[in-house]
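Encoded as structure tokens, the structure appears first; notes follow it.
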Amino acid sequence: MSTVPDGKKLVRSPSGLRMVPENGAFNSPFSLDEPQWVPDKECPSCMQCDKKYDFLTRKHHCRRCGRCFCDKCCSKKVALPRMCFVDPVRQCGECSLVSQKEMEFYDKQLKVLMGGGSFIVTLGTSKTSETMMCRLSNNHRYLFFDGESHFEVELSRISSMQVLTEESTPEGGNARASGMLLHYKSTGSQDPQQLRMEAADDKKTASSWLAAMHKAAKLLYEARDR
């Protein structure tokens with residue numbers, strides 16, 4: 001297992017207090033950098049309703065997008081764990097909706113991923129498989145696989161994830177996640193590798209874990225694209 005320091009420190013930014021890793025290289029792969037604020041001189045009016053700023057109408061910056069708004073258009077304070085804020089921070093209407101949706105991932109799916117699921121794991125084109133417990137590390141950086149053997153996959157080195165499905169009932173109906181195909185590069189290597197995961201005995205737990213991992217993949221790719 002990788003020994004990644006979990007130490008964190010409290011820092012103050014123009015946007016508020018943040019609890020960040022001691023070493024910035026160990027940020028969660030789901031994290032987003034704070035945006036650059038639009039300079040005051042470039043926003044004489046609200047970027048949502050176009051209301052002019054004056055002595056009574058103050059300007060506020062959204063902590064997620066950095067754009068400038070009047071109080072009415074940027075009044076909501078919403079938790080923003082992807083930027084490591086300690087307290088809810090001011091966000092515009094559009095950003096607050098996005099942040100609220102992401103909270104379900106942090107409140108529910110992230111706990112499912114760290115709790116783990118049991119899978120039949122096949123590496124590459126090997127003809128042998130092994131039943132392993134797969135879980136997300138506490139710092140969100142690795143997938144740990146534990147069975148008779150042990151190894152890990154760094155999330156930042158995963159190039160693609162494909163969810164495998166099966167019909168939930170013999171008569172058909174909604175498809176249920178039954179496995180996942182990962183393509184990644186192991187630490188210290190540039191050669192692409194493949195890993196296939198298929199639900200073991202507890203298929204309900206495995207399906208919930210796979211659904212959470214699918215959501216994690218969306219956030220992971222979004223963070224890479226920014």
* Asked: What distance do Lys41 atom NZ and Cys68 atom SG have between them, rounded to the nearest 0.5 Å?
  -> 14.0 Å
* Asked: Is it true that atom CG of Asp54 has more than 12 heavy atoms of other residues, nucleotides or ligands lying nearer than 6.0 Å?
  -> yes
* So with a 6.0 Å cut-off around CD of Glu154, is the heavy-atom count from everything else above 12? -> yes
* Closest non-hydrogen atom pair between Arg141 and Ser137, with its separation -> N-OG, 3.2 Å
* Asked: Going by heavy atoms in the side chains, are Cys49 and Cys70 under 4.5 Å from each other?
  -> yes
* To do: Taking all heavy atoms of Met83 and all of Pro35, pick out the closest pair and write down the distance.
  => CE-CD, 3.8 Å
* Can you run down the side chain to side chain donor-acceptor pair (under 3.5 Å) pairs that involve residues 110-124, sequence neighbours left out, and say none if there aren't any? => Thr122-Ser129
* **side chain to side chain contact (heavy atoms under 4.5 Å, CB included) evaluation trace for Gln100 with Leu97** => CA-CA 5 Å; Gln100 287 170 353; Leu97 291 176; 3.9 Å; yes
* Once you round to the nearest 0.5 Å, how far does OH of Tyr53 lie from OG of Ser45? -> 6.5 Å
* **Partners passing salt bridge (charged side-chain N to carboxylate O under 4.0 Å, His left out) against Glu102 (at least two apart in sequence or in another chain)** => Arg64, Arg82
* Asked: Excluding sequence neighbours, so at least two apart, what forms ring-ring contact (aromatic ring centres under 6.0 Å, His included) with His61?
  -> Trp37
* Asked: Below 4.5 Å, heavy atoms only, C-beta onward: do Phe144 and Val153 meet side chain to side chain?
  -> no
* To do: Check which hydrophobic residues are tied to Leu17 through side-chain heavy-atom contacts below 4.5 Å, counting indirect links as well, and list them.
  => Leu10, Met19, Val86
* Asked: Checking Glu130 side chain against Ser149 main chain: does a donor-acceptor pair fall under 3.5 Å?
  -> yes
* To do: Apply side chain to side chain contact (heavy atoms under 4.5 Å, CB included) to the pair Ser207 and Ser178, showing each step before the final yes or no.
  => CA-CA 6 Å; Ser207 182; Ser178 61; over 6 Å; no
* Would you confirm whether Arg90, through its side chain, and Cys74, through its main-chain N or O, come within 3.5 Å as a donor-acceptor pair? => yes
* **Cys92 SG to Met47 CE distance, which is reported to the nearest 0.5 Å** => 10.0 Å
* **Within-4.5 Å side-chain heavy-atom neighbours: Arg135 and Leu113** => no
* Joint cluster assignment, Met133 & Leu110, ILVMFWY side-chain distance < 4.5 Å -> no
* Asked: Should we say atom NE2 of His140 is surrounded by more than 12 heavy atoms from elsewhere, each under 6.0 Å from it?
  -> yes
* Would you say the side chain of Pro192 lies within less than 4.5 Å of the side chain of Ser159, judging by non-hydrogen atoms? -> no
* To do: Look at the side-chain heavy atoms of Ile, Leu, Val, Met, Phe, Trp and Tyr, link any pair under 4.5 Å apart, and say whether Leu181 and Met213 land in one connected group.
  => no
* Asked: What's the shortest heavy-atom distance between Leu210 and Gly179, and which atoms?
  -> CD1-N, 3.2 Å
* Asked: Which heavy-atom pair separates Pro29 from Asn139 by the least distance, and what is that distance?
  -> CD-O, 4.3 Å
* Asked: Quick one: do Arg63 and Glu34 make a salt bridge, cutoff under 4.0 Å?
  -> no
* Asked: Can Met132 be reached from Leu164 by stepping across I, L, V, M, F, W or Y side chains whose heavy atoms are under 4.5 Å apart?
  -> no
* Asked: Between Asp191 and Lys185, is any pair of side-chain heavy atoms under 4.5 Å apart?
  -> no
* Would you please name every residue forming a ring-ring contact (aromatic ring centres under 6.0 Å, His included) with Phe105, sequence neighbours left out? => Phe30
* **Transitive ILVMFWY side-chain link Leu219 to Met114, under 4.5 Å** => yes
* Could you give me the CA-CA distance, side-chain angles and deciding distance for Trp209 and Leu136, then say whether side chain to side chain contact (heavy atoms under 4.5 Å, CB included) is met? => CA-CA 10 Å; Trp209 192 94; Leu136 183 68; 5.6 Å; no
* Asked: Do Glu152 and Leu143 touch side chain to side chain, with heavy atoms closer than 4.5 Å?
  -> no
* Within the side chain of Gln193, is there an N or O that forms a donor-acceptor pair under 3.5 Å with the backbone of His183? -> no
* Asked: Just how far is it from atom NE2 of His214 to atom CD of Gln162, taken to the nearest 0.5 Å?
  -> 11.0 Å
* Set of ring-ring contact (aromatic ring centres under 6.0 Å, His included) partners for Phe69, sequence neighbours left out -> none
* Expected output: side-chain Ser99 to main-chain Cys95 donor-acceptor under 3.5 Å -> yes
* Tell me, do Tyr142 and Leu155 make a side-chain contact under 4.5 Å, heavy atoms counted? -> no
* Hey, does the side chain of Thr205 reach the backbone of Asp202 with a donor-acceptor pair shorter than 3.5 angstrom? -> no
* Asked: Just how far is it from atom NZ of Lys72 to atom NZ of Lys51, taken to the nearest 0.5 Å?
  -> 7.5 Å
* Using the rule that two of Ile, Leu, Val, Met, Phe, Trp, Tyr join whenever any of their side-chain heavy atoms come within less than 4.5 Å, decide whether Leu80 and Val78 are in one cluster. => no
* Mark yes when over 12 heavy atoms from residues, nucleotides or ligands other than Lys59 sit less than 6.0 Å from its NZ; otherwise mark no. => yes
* How far does SG of Cys134 sit from CG of Asp146, to the nearest 0.5 angstrom? -> 9.0 Å
* Structure fact -> Nearest heavy-atom contact between Ser15 and Phe85 is CB-CZ, 3.5 Å
* **CD/Gln194: more than 12 non-hydrogen atoms of other groups inside 6.0 Å** => yes
* To do: Please report the C-alpha distance between Asp71 and His60 in whole Å, then the side-chain angles of each, then the deciding distance to 0.1 Å, and finally whether the side chain to side chain contact (heavy atoms under 4.5 Å, CB included) criterion is met.
  => CA-CA 6 Å; Asp71 181 71; His60 301 276; 3.7 Å; yes
* Asked: What pair of heavy atoms forms the shortest contact from Ala199 to Ile120, and how long is it?
  -> O-CD1, 4.3 Å
* Could you tell me whether the side chain of Phe119 reaches within less than 4.5 Å of the side chain of Thr131, counting heavy atoms only? => no
